[in-house]
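Each chain gets a letter, A, B and so on, in the order the sequences are listed, and its residues count up from 1. Since we're looking at a predicted model, the values are computed, not measured.
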Protein chains: 2
Amino acid sequence: MSDDLRSLTDLDRLIHEPARLLIVTILSTAESADFLFLQRETGLTKGNLSAHLSKLEEGGYVKIEKTFKGKLPLTVCKLTASGQKAFQGYRQQMQAFIMQTK
Amino acid sequence: MSDDLRSLTDLDRLIHEPARLLIVTILSTAESADFLFLQRETGLTKGNLSAHLSKLEEGGYVKIEKTFKGKLPLTVCKLTASGQKAFQGYRQQMQAFIMQTK
DNA sequence: CAAACTAGTTTGTGTTGCAAACCATAAAGT
DNA sequence: ACTTTATGGTTTGCAACACAAACTAGTTTG
């Protein structure tokens, strides 16, 4: 079997998880996004979104900055360089998979 | 945001799991494959392969037939119609994702 | 007949994804 | 003033999962 296919087993799980793939995809086009924006766009619960963002942050894929908008908390997220690279890598791996199957 | 992207969150987890995606991909081209062949091709441990095949069987994506080759057990697996359909659906969803991102 | 091999399955464990409950602050109602 | 209600999240509890190691049942080899 082709190595491209076998490489499926080492897909980056941090990105492969659908909820995070969605988050990262949005961030890849948005330059930066706040928590509530991400929640609306993804449809995730706050709890889930918070947990996934924390994982992405731990992995170094997302930078999270907590500030205030007026008097309310504001959490702003953006993809790091490493996050962008990981996303592109994932995308390419998936593209290879698509092209090798039928 | 586009519905195609948001639909990432309802990717079929049974197929999305990399080890199973690999198994299903192999089965989608192989008509039928025995346990040891799958193990060689996927590089999974026996335990893992066994567990993933059981899940695919429970989900109705794979039919498993246990027979003998001479005196040794022989486990033959094949994708069901439902499994093929699920695989195609997954592939199309991923293709849509690839095409919508950059 | 004992050791080693074959073809798997079951068990144990740490990790995860998810929703529900919670928390701190701020605005609104009475 | 003071008690709800809303805002913007985080923490907790739990079932499900992925994985490797241990086990099982039968077979061949020495």
Residues in salt bridge (Lys or Arg N to Asp or Glu O under 4.0 Å) with A:R40, at least two apart? none

Between protein and nucleic acid, restricted to nucleotides 18-20 of chain D and to nitrogen or oxygen atoms under 3.5 Å apart, what atom pairs and distances do you find?
| unit_1 | atom_1 | unit_2 | atom_2 | d |
| --- | --- | --- | --- | --- |
| D:dA18 | OP1 | B:E17 | OE1 | 3.3 |
| D:dA18 | OP1 | B:R20 | NH1 | 3.2 |
| D:dA18 | OP1 | B:R20 | NH2 | 2.8 |
| D:dA18 | OP2 | B:R20 | NH1 | 3.0 |
| D:dC19 | OP2 | B:H52 | NE2 | 3.2 |
| D:dA20 | OP2 | B:N48 | ND2 | 2.9 |

Closest non-hydrogen atom pair between B:S28 and B:L79, with its separation: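 Nearest heavy atoms, B:S28 then B:L79: CA-CD2, 3.8 Å.
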
B:P18 and A:T9: which non-hydrogen atoms are nearest, and at how many Å? CB-CA, 4.1 Å

Please give me every residue in residues 57-66 of chain B whose heavy atoms get under 4.0 Å of an atom in DNA chain D, ordered by residue number. none

Just the rounded figure in Å: distance from C1' of D:dG9 to CZ of A:F35.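 So the two atoms are 5 Å apart, to the nearest Å.
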
Between atom CZ in B:F68 and atom P in D:dT28, what is the gap in whole Å?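 B:F68 atom CZ is separated from D:dT28 atom P by 12 Å.
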
First-last contacting nucleotides on DNA chain C - partner chain B, under 4.0 angstrom, heavy atom: C:dT6 to C:dC18

Applying side-chain contact (heavy atoms from CB on, under 4.5 Å), name anything that partners A:A19, two or more places apart in sequence or on another chain. A:E17, A:L44, A:H52

side-chain contact (heavy atoms from CB on, under 4.5 Å) involving B:K85 - partner list, sequence neighbours excluded: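 If we apply the side-chain contact (heavy atoms from CB on, under 4.5 Å) test to B:K85, skipping adjacent residues, there are no hits.
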
What verdict does the side-chain contact (heavy atoms from CB on, under 4.5 Å) test give for A:V24 and A:L14, after you've listed the backbone C-alpha separation in whole Å, the side-chain angles of each residue and the deciding distance to 0.1 Å? CA-CA 10 Å; A:V24 167; A:L14 202 49; over 6 Å; no

Would you please name every residue forming a ring-ring contact (aromatic ring centres under 6.0 Å, His included) with B:Y90, sequence neighbours left out?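 Applying ring-ring contact (aromatic ring centres under 6.0 Å, His included) to B:Y90 gives B:H16.
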
Heavy atoms within less than 4.0 Å of DNA chain C: which residues of residues 69-78 of chain B have one? Give them sorted by number. B:L72, B:P73, B:L74, B:T75

Step by step, would you call B:L27 with B:F87 a side-chain contact (heavy atoms from CB on, under 4.5 Å)? CA-CA 10 Å; B:L27 288 180; B:F87 177 65; over 6 Å; no

B:V76: which other cluster members, linking ILVMFWY side chains closer than 4.5 Å, directly or transitively? B:L74

State whether the side chain of B:R6 and the backbone N or O of A:L22 hold a donor-acceptor pair below 3.5 Å, judged by distance alone. no

Ignoring hydrogens and angles, write down the donor-acceptor pairs under 3.5 Å from the side chains of residues 30-37 of chain A, residues two or more places apart or on other chains.
| unit_1 | atom_1 | unit_2 | atom_2 | d |
| --- | --- | --- | --- | --- |
| A:D34 | OD1 | A:L36 | N | 3.1 |
| A:D34 | OD1 | A:F37 | N | 2.9 |

When the side chains of residues 54-70 of chain B are checked against the rest of the protein, which donor-acceptor pairs come out under 3.5 Å, sequence neighbours left out?
| unit_1 | atom_1 | unit_2 | atom_2 | d |
| --- | --- | --- | --- | --- |
| B:S54 | OG | B:S50 | O | 3.1 |
| B:Y61 | OH | B:D12 | OD2 | 2.5 |

Tell me, which pairs form a side-chain hydrogen bond (donor to acceptor under 3.5 Å, both in side chains) where one or both residues lie in residues 91-102 of chain A, sequence neighbours left out?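 side-chain hydrogen bond (donor to acceptor under 3.5 Å, both in side chains) check on residues 91-102 of chain A returns A:S2-A:Q100, A:D4-A:Q100, A:R91-B:T101, A:T101-B:R91.
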
